[in-house]
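For reference, the structure discussed in these notes is given below.
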Amino acid sequence: MADSSWLTTFPEMDRADLVAMRKALDGAYREFSRNYGDMIEGFFDPLLYFLVWFEKMLLAAPWSIVLAALLGLTYAASRSTKLTAGIAGAFLLIGYFGMWDDTMRTLSIITVATLLSIVLGVPIGIAMARSDSVRAAITPVLDIMQTMPAFVYLIPVVMLLGIGKVPGIIAVLVYAIPPVIRLTDLGIRLVDRDVLEAATAFGATRRQCLIEVQLPLALPTIMAGVNQTIMMALAMVVIASMIGVKGLGQPVLKSITNQYFTMGLLNGLAIVAIAIMFDRVSQAYARRTQRHLKDVEHD
Amino acid sequence: MIDRAPLIRVAALYKVFGGDPESVMAMVRDGAPKDEVLASTGHTIGLRNINLEISAGETFVVMGLSGSGKSTVIRHFNRLIEPTEGTIHVDDVDVLNLSPTKLEEFRRHRISMVFQRFALFPHRTVLQNVAFGLTIQEVPKEERDAKAREWLSAVGLDGYEDQYPAQLSGGQQQRVGLARALCTDPDILLMDEAFSALDPLIRSEMQDQLIDLQNRLRKTVVFITHDLNEALRIGDRIAILRDGELIQVGPPDEIVSKPANDYVEAFVSDVTRYRQA
């Protein structure tokens, strides 16, 4: 009977071995971050300078100019006076309730995170669409990125890079980039094969097929991905504030620990206002680039 | 008018679809029937020993029912499909041995294609669709737009330049397809069931337009259809394809008066009945 005890009690690894393993891995990683941390931090310096510059610019500029620029961009992208007026109202309220500076900080990090997601994500999506083996290799990585709790990958990032903007933006990117990648891949794969065959028959190179046919036709899907990415980046604002990213997340964090209901709510609503602005503007822009889908009269 | 040296020469062309086509070629060359090859090896014979010569300026029709391999054969001429075995020459160009860059050049200047389901670019205006071939060749915008306008007008679509394909009717869309194919001034025009998706009235209108254009342009047209009436109407010569094999090649009157076998005869009797009615 004693021999079959493993059937009822799970045959666990020896506790001492487990501790040794953890110590060895932690030690190795600590060693790695001690040796290469500075180098890797140096690698991200340009990003840090850009983040700081962009944030300072938004904070230093008078609010009236920033607001005018925001509304100008909104109108240019959406051509909608209603949306522009709504955003004007929301931002005036944000300023009135004293959240302007935090909102600018959040706006700055979200903008940079979105731009980085597009710059990195679209090429990766293209590579996935072109090769089934690349796709098979990247898909599980994306699955992990989306489901792994953010706190878990914050640990090594903070160990390596410390606390601040750069680890914050890396955390946001890891969580927010998968939709752009996935939907770029999907959008390109959904392009009508007949149309692609026609482009090939006229002697288009692979590059020309991509630029002239696949990307323009995939654009609505890619924009849906960008939209998702922005929303997910905003959802990370509070978590990123735990590793020292300033912005609307920090007051929310403070509200949780001190039970300040109104303060939490106001800052939360400011995040919602930013989300709605990004969402409506990017969607309106995507629709405007798809003029051919409108006015279909025949058949 | 068609007594010049052949422009397109196809010799001993085979196409087998499946995992390892080379492995079944011996069997296919020995003339094993299609069903037997499929049952014993899982490979499908697309084309078997196709030999063709098409002259410059000729309208050559390839006819057959669906699944006979006609769309497969036409896609070998511009290598949208790679053959398993055989040779294709256009003039002295060995099409199957072109490097990728040379193949792109060949497709850009010498051969173009009209598709059954139009395959227009939905995100480009009609004018940009017609100019697509020249865009790919990086012809300056003004020059390519001027050319595209010329061809749009030749197919009777003046004033539609800034519409999108979805705003046009089927017949109009295929005119755009035709203008797009002609705009690169190719020697050879491949038309893959180009009029099959159109209403009968529009179809005969388009046939008239093709005949009309062809009288002026004298392109080498390879036209695919499953409709013998269409074949008889526009073809200088007709090739009849069945199960990937060439059954008969000849001028329309010869196909009607001297059908090579029962299969062709069945086609033809349908037409004669239709004409008497």
Side-chain angles (χ1 to χ4, degrees), chain A residues 77 122 125-126 129-133 183-184 186-226 282-299, chain B residues 71 74-75 77-81 98 100-126 128-138 162-173 176-177 180-181 183-184 186 189-190 192 199:
Chain A
V122 171
I126 292 170
R130 286 188 162 199
S131 150
D132 284 338
S133 49
L183 286 163
T184 302
L186 180 70
I188 291 176
R189 282 173 188 264
L190 283 181
V191 169
D192 188 357
R193 287 189 51 187
D194 288 0
V195 171
L196 204 58
E197 186 184 45
T200 314
F202 280 95
T205 59
R206 264 166 68 96
R207 199 187 154 78
Q208 284 174 324
C209 281
L210 183 70
I211 291 169
E212 302 282 346
V213 180
Q214 288 171 304
L215 281 181
L217 288 176
L219 194 63
T221 316
I222 296 175
M223 283 306 290
V226 170
S282 64
Q283 285 196 24
Y285 176 72
R287 263 200 306 280
R288 283 210 312 118
T289 57
Q290 297 298 313
R291 270 186 302 156
H292 67 274
L293 295 179
K294 286 195 300 181
D295 312 327
V296 179
E297 286 149 15
H298 282 279
D299 296 288
Chain B
S71 286
I74 207 178
R75 277 171 172 70
F77 293 176
N78 57 357
R79 255 175 79 188
L80 288 174
I81 296 180
L98 290 174
T101 335
K102 284 267 163 59
L103 177 63
E104 274 150 17
E105 280 301 305
F106 176 74
R107 286 169 176 166
R108 286 177 184 195
H109 298 289
R110 301 222 52 189
I111 196 160
S112 68
M113 194 160 179
V114 182
F115 298 85
Q116 179 175 10
R117 294 198 290 128
F118 320 139
L120 299 178
F121 305 110
H123 60 297
R124 298 175 147 252
T125 63
V126 164
Q128 289 169 338
N129 262 284
V130 177
F132 182 79
L134 298 178
T135 310
I136 290 302
Q137 295 172 24
E138 289 165 10
D162 298 325
Q163 305 264 34
Y164 286 95
Q167 293 168 290
L168 306 183
S169 69
Q172 288 170 327
Q173 289 192 37
V176 176
R180 178 177 67 174
C183 196
T184 56
L189 199 57
L190 304 176
D192 180 19
D199 301 335

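This is a predicted model, so every value here is computed, not measured. Naming: A, B, ... by sequence-line order, numbering from 1 per chain.
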Looking only at non-hydrogen atoms, find the nearest pair between [X] and [Y] and report the distance.
{"X": "Ile136(B)", "Y": "Gly203(A)", "result": "CG2-O, 3.6 Å"}
{"X": "Val195(A)", "Y": "Leu120(B)", "result": "CG2-O, 3.5 Å"}
{"X": "Ala198(A)", "Y": "Ala119(B)", "result": "CB-O, 3.7 Å"}

Measuring only between side-chain heavy atoms, which start at C-beta, is Phe202(A) closer than 4.5 Å to Arg180(B)? yes
Flag side-chain contact, heavy atom, 4.5 Å: Glu197(A) against Arg75(B): yes
Side chain / backbone / both / neither for Glu138(B) at chain A, heavy atoms under 4.5 Å: side chain
Leu103(B), part contacting chain A, at a heavy-atom distance under 4.5 Å: neither
Residue-level interface, residues 205-215 of chain A with chain B, non-hydrogen cut-off under 4.5 Å: Thr205(A), Gln208(A), Glu212(A), Val213(A)
Is it true that atom CZ of Arg117(B) has more than 12 heavy atoms of other residues, nucleotides or ligands lying nearer than 6.0 Å? no
Residue list, side-chain hydrogen bond (donor to acceptor under 3.5 Å, both in side chains) with Gln116(B), at least two apart or on another chain: none
Could you measure the distance from the CZ atom of Phe121(B) to the CG atom of Leu217(A)? Nearest 0.5 Å is fine. 9.0 Å
Atom CZ in Arg107(B), atom OG1 in Thr200(A): separation rounded to 0.5 Å? 6.5 Å
